[in-house]
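Notes for the one structure printed next.
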Amino acid sequence: MTTNRTFTMIKPDGVQNGHIGAILDHITKAGFRIVAMKYTSLTTTAAGKFYEVHKERPFYKDLVNYMSSGPIVAAILEKDNAVEDFRKIIGATDPSKADAGTIRALYAKSIEANAVHGSDSDENAAIEGNFYFSQLERY
Ligand code: UDP
Ligand code: MG
């Protein structure tokens, strides 16, 4: 199944460094519609669950601690070809390798504190969106 939705988070560094407004502006100017949005934070348990696919990776424990270190903004975004197009506008995981003008190149500080999350597939976009936004609500 393909959809035109993706899921994003502005990570703790993006919030802490005052980039919420600029990042949302970048996202909406790129043609994404915000379908749902929440300013919240993750417990270590919730962050561990969100990133469960990475649990065998060496960076997992640090990532979980980092992602629960401060507030985040979670959002569901809509656009044609949303997952792929959003990955393009955020840039590479490591901001030092991200193309100029991408969100991570502009606002991220390190491979861990890289400003934003973007889903990597339609299936994960749905799972991740449901993680934050009740499936009983309509978006
Ligand atoms: N990450 C990290 N070190 C690494 C690779 C990834 O700290 O060597 C963190 C980083 O915050 C990244 C997240 O783990 O965004 C998830 O990794 P993934 O490979 O899925 O990167 P993404 O899809 O976010 O570009
Ligand atoms: Mg990923």
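Whatever order the structure lists them in is the order used to number ligands and atoms, beginning at 1.
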Min heavy-atom dist H54 to ligand 1 below 4.0 Å | yes
Side chain to side chain donor-acceptor pair (under 3.5 Å) between D120 and N124: does it pass, once the steps are laid out?
-> CA-CA 7 Å; D120 62 6; N124 284 335; 2.7 Å; yes
What residue and heavy atom of the protein are closest to atom 10 (C) of ligand 1, and at what distance?
-> I111 O, 3.1 Å
Is a side-chain donor or acceptor of R104 paired with a backbone partner of D94 at a separation under 3.5 angstrom?
-> no
Does K49 count as lying over the ring of F131, i.e. NZ or CZ under 6.0 Å from the six-ring centre, within 45 degrees of the axis?
-> no
Tell me which protein heavy atom sits closest to atom 13 (C) of ligand 1, plus the residue, atom name and distance to 0.1 Å.
-> L63 CD2, 3.9 Å
Closer than 4.0 angstrom: is that true for some heavy atom of M9 and an atom of ligand 1?
-> no
Judging by distance only, is a nitrogen or oxygen of R104 under 3.5 angstrom from one on ligand 1?
-> yes
Could you tell me whether a side-chain N or O of Y107 sits under 3.5 Å from a main-chain N or O of N114, the two making a donor and an acceptor?
-> no
Under 6.0 Å between the ring centres of Y51 and Y60?
-> no
Distance filter under 4.0 Å to R87 heavy atoms, resulting ligand 1 atoms = 22 (P), 23 (O), 25 (O)
Do you see a donor-acceptor pair shorter than 3.5 Å between the side chains of K79 and N4?
-> no
Sub-4.0 Å heavy-atom contact, K11 with ligand 1 | yes
Residue, atom name and distance, where the atom is the protein heavy atom closest to atom 4 (C) of ligand 1 = F59 CD2, 3.4 Å
Can an N or O of T93 be found at a distance shorter than 3.5 Å from an N or O of ligand 1?
-> yes
Please check if the distance between the ring centroids of Y132 and F7 is under 6.0 Å.
-> yes
Ligand 1 atoms nearer than 4.0 angstrom to some heavy atom of N114 are 10 (C), 11 (O), 12 (C), 15 (O)
